[in-house]
Amino acid sequence: MADTHKKGLNADLVGTDLENCCRTEGVCGQCQKTNCIIGYGKQCISDYKREPKRDVPKGIRNIPTTDFKVFDEVELEEAIAHILKECKDCKEEHSDDCIINVIRSCYEVGLLGDVQKYEGSALQYLMYLKEKFPDKSDRIALFYKS
């Protein structure tokens with residue numbers, strides 16, 4: 001089936017990571033829901049749990065890239081490592097609107113300031129991060145290896 005992931009997705013792990021990254025209403029005041037990168041990710045994973053589909057309609061386009069809240073870097077780095085392990089390394093079959101790509105892109109906005117290029121390979125992505133964000137890439141790689 002083309003619209004589902006071949007090996008599935010550990011939606012519970014992704015949901016936990018999103019909860020760990022969430023600043024909560026105690027910090028933010030009021031939840032901004034899908035106007036927040038983490039809130040948007042939480043909505044995407046909630047929709048996925050309800051109806052597991054590979055792609056999020058207009059997923060990348062709807063990421064709130066102007067969410068400038070400060071998030072915990074370590075939580076985001078660990079979440080990126082976890083979502084990379086969920087990646088199916090689809091390479092040329094990569095879709096920007098894939099649920100995994102959308103969630104990783106949400107984390108990137110919080111950690112790196114914007115959505116980064118991804119070509120369907122976790123290893124290529126880690127090498128790209130090493131070149132562009134050496135300090136953060138080292139920590140992501142350590143989490144990825146563990």
Are any non-hydrogen side-chain atoms of [X] and [Y] less than 4.5 angstrom apart?
{"X": "Lys42", "Y": "Thr34", "result": "no"}
{"X": "Arg54", "Y": "Ile99", "result": "no"}
{"X": "Leu13", "Y": "Glu86", "result": "yes"}
{"X": "Leu111", "Y": "Ile140", "result": "yes"}
{"X": "Asp47", "Y": "Val56", "result": "no"}
{"X": "Asn10", "Y": "Val14", "result": "no"}

Going from [atom1] on [X] to [atom2] on [Y], what distance comes out if it is rounded to the nearest 0.5 angstrom?
{"X": "Glu25", "Y": "Cys31", "atom1": "CD", "atom2": "SG", "value": "5.5 Å"}
{"X": "Lys69", "Y": "Asn35", "atom1": "NZ", "atom2": "CG", "value": "8.5 Å"}
{"X": "Asp96", "Y": "Glu119", "atom1": "CG", "atom2": "CD", "value": "10.0 Å"}
{"X": "Ser105", "Y": "Ile37", "atom1": "OG", "atom2": "CD1", "value": "10.5 Å"}
{"X": "Leu18", "Y": "Ile103", "atom1": "CG", "atom2": "CD1", "value": "5.0 Å"}
{"X": "Ile45", "Y": "Ile83", "atom1": "CD1", "atom2": "CD1", "value": "6.5 Å"}

With a 3.5 Å cut-off and sequence neighbours excluded, list the donor-acceptor pairs that the side chains of residues 123-135 form with protein atoms.
| residue | atom | partner | partner atom | Å |
| --- | --- | --- | --- | --- |
| Tyr125 | OH | Glu108 | OE2 | 2.6 |
| Tyr128 | OH | Gln116 | OE1 | 2.9 |
| Lys130 | NZ | Asp138 | OD1 | 2.7 |

Would you mind checking if [Y] and [X] are paired as a salt bridge, meaning a charged N to carboxylate O distance below 4.0 Å?
{"X": "Arg23", "Y": "Asp72", "result": "no"}
{"X": "Glu77", "Y": "Lys136", "result": "no"}
{"X": "Arg139", "Y": "Glu73", "result": "yes"}

**Item:** Shortest non-hydrogen separation from Thr65 to Asp114 and the atoms involved
**Value:** CG2-OD1, 4.2 Å
**Prompt:** Which heavy atom of Cys21 sits nearest a heavy atom of Ile38, and at what distance?
**Reply:** CB-CD1, 3.7 Å
**Message:** For the NZ atom on Lys49, are there more than 12 heavy atoms of other groups (residues, nucleotides or ligands in this structure) within a distance under 6.0 Å?
**Reply:** yes
**Asked** Asn101 side chain to Asp97 main-chain N or O, any donor-acceptor pair under 3.5 Å?
**Response** no
**Prompt:** Under the 3.5 angstrom rule, does the side chain of Asp55 hit a backbone N or O of Cys98 as a donor-acceptor pair?
**Reply:** yes
**Asked** What about Phe143 and Leu84, same hydrophobic cluster or not, with Ile/Leu/Val/Met/Phe/Trp/Tyr joined at side-chain heavy-atom distances under 4.5 Å?
**Response** no
**Message:** Going by ring pair (Phe, Tyr, Trp, His ring centres under 6.0 Å), name the pairs with one or both residues in residues 9-45, residues two or more places apart or in two chains.
**Reply:** none
**Message:** With ring pair (Phe, Tyr, Trp, His ring centres under 6.0 Å) as the rule and sequence neighbours excluded, what pairs involving residues 58-111 come up?
**Reply:** His94-Tyr118
